[in-house]
Colleague: 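Following this message is one structure expressed as structure tokens.
For ligands, and for the atoms within them, numbers begin at 1 and follow the listed sequence.
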Amino acid sequence: MSDAPFSTIVEPFRIHSVEPLVMTTRQQRRGHLRAASYNLFQLRAEHVLIDLLTDSGTGAMSRDQWAAIQHGDESYAGSPSYYLFVDAVRELFPFEHVIPVHQGRAAERILFTALGGPGLIVPNNTHFDTTRANVEASGARAVDLVIAEGRDPLNEHPFKGNMDLEALEALLAEHADSVPCVMVTITNNSGGGQPVSLANLRGVREVCDRYGKPLFLDACRFAENAWFIREREDGQGERDVADIVRDMSALADGMTMSAKKDPMGNIGGWLAMRDDDLAQTCRTQLILTEGFSTYGGLAGRDLEALAQGLKEVVQHDYLRYRIRSTAYLGEALQKMGIPVLRPIGGHAVYIDARGLAPQIDPLQYPGQAVAVALYEVGGIRSCEIGTVMFGRQPDGSEVAPSMDLVRLAIPRRTYTQSHIDYVIEVCERVAAGAASLPGYRITAEPPSLRHFTATIQALD
Ligand code: F0G
């Protein structure tokens, strides 16, 4: 009999404790949409059947993580849970200083309070929104320097998250004195969950060395990035993912981290670095707003869950399943002719809503139209990443960004293949009716970050 691998993706776990999902009718969902003013962030989560709003903090913890929670030590200072956490982080990211925080944006705020400032420039492949907001809150300018292929939704480049090394060199040649650090986001969430290669990271390191600049990783999805390196980069195919992660961290001087993604936490994060003086400044900031340096706003039990999650996320069976199952959804949509960002990223599938509903002017929010339809038709919550999110300019004008996307983010270890098959079927039905979807208009919005709270209405 053949030894060929089977094509069915088997979840490398079985279910130990279940959460009920509530079924709703289309009629009820129409009412929930009205009550939420057509803003999916305003829905009550129990009215959502499949929640693909984000992969952040929404994963299922393992039996061993729940067991670790019982082991949590809640001492204010010097908790053994902190030391366990630091050891688990250093196993993959051997930085001298590891500072726990409650989530990624807290690490960003502390880092840019220390390193940012008016007139400074921070280059990144692509800043995530909170990273950009924290750089800008310090008075500095956030500049995105992803390679050109990374801005083209259909280009099949294997490492679309790579930094444009020439652009980085040019920026540093002109403004070296104004650049406090260089950042690289792995994987590049805002660019479609696309990975950065080891070769590119080495290139960034060389440029940083020439100009004497520290390199920080925004490493939320480091394990997914390392798996893509193993699958796609020359000479990496036989390596242990944990070793690839250590290679990535060896090239950097520090990192910010949201542990709500790959470290399998429902909450948590950290900031890490080699530099003693910077660490001291950051710890002072930490104590000001987050907590003492051995808990940083987390409970001891959270630190234990993260220490265990870090061991689980680098397991090959898990990562093979994770990356294949995201691709399974993306490839099925593509086969049905739904335009999706290519190649399929690690944590999410991004539908090109402008391509799917070309009759809707970008300033009438095609992404919102598709996201609302996915909820109304099938109870699926997704996230508009387009003109609603980015359209409002600081001068008050409204400009459509280059793409109107709908992100279907996949929580880790949470949904089974039949849930995803259902998502595929709902997408097929929405795509079949996409030509008659209406545009939308915003009826009220706050001065910034409007996508969370704006009230929205369908155009007749
Ligand atoms: N960096 C990246 C690349 C992220 O994707 C996120 C969060 C953060 C930083 C901030 O981390 O939420 O723990 O404060 N991304 C979530 C998402 C919110 O839905 O993509 P946080």
Colleague: Please check if the side chain of Q194 supplies one atom and the backbone of N188 the other of a donor-acceptor pair under 3.5 Å.
Modeller: no
Colleague: Give the protein residues with at least one non-hydrogen atom closer than 4.0 Å to an atom of ligand 1, ordered by chain and number.
Modeller: T54, S56, Q103, G104, R105, E108, F128, T130, T185, N189, D218, C220, R221, S258, K260, K261, R407
Colleague: Are the charged groups of R322 and E224 less than 4.0 angstrom apart, N to O?
Modeller: yes
Colleague: Is it the case that R29 and T24 place a side-chain donor and acceptor less than 3.5 Å from each other?
Modeller: yes
Colleague: Just jot down the ring pair (Phe, Tyr, Trp, His ring centres under 6.0 Å) partners of Y365, sequence neighbours excluded, or say none.
Modeller: none
Colleague: Judged by modelled atom types alone, do R109 and T289 share a side-chain donor-acceptor pair under 3.5 Å?
Modeller: yes
Colleague: Can any side-chain N or O of D262 pair as donor or acceptor with the backbone N or O of F222 at less than 3.5 Å?
Modeller: yes
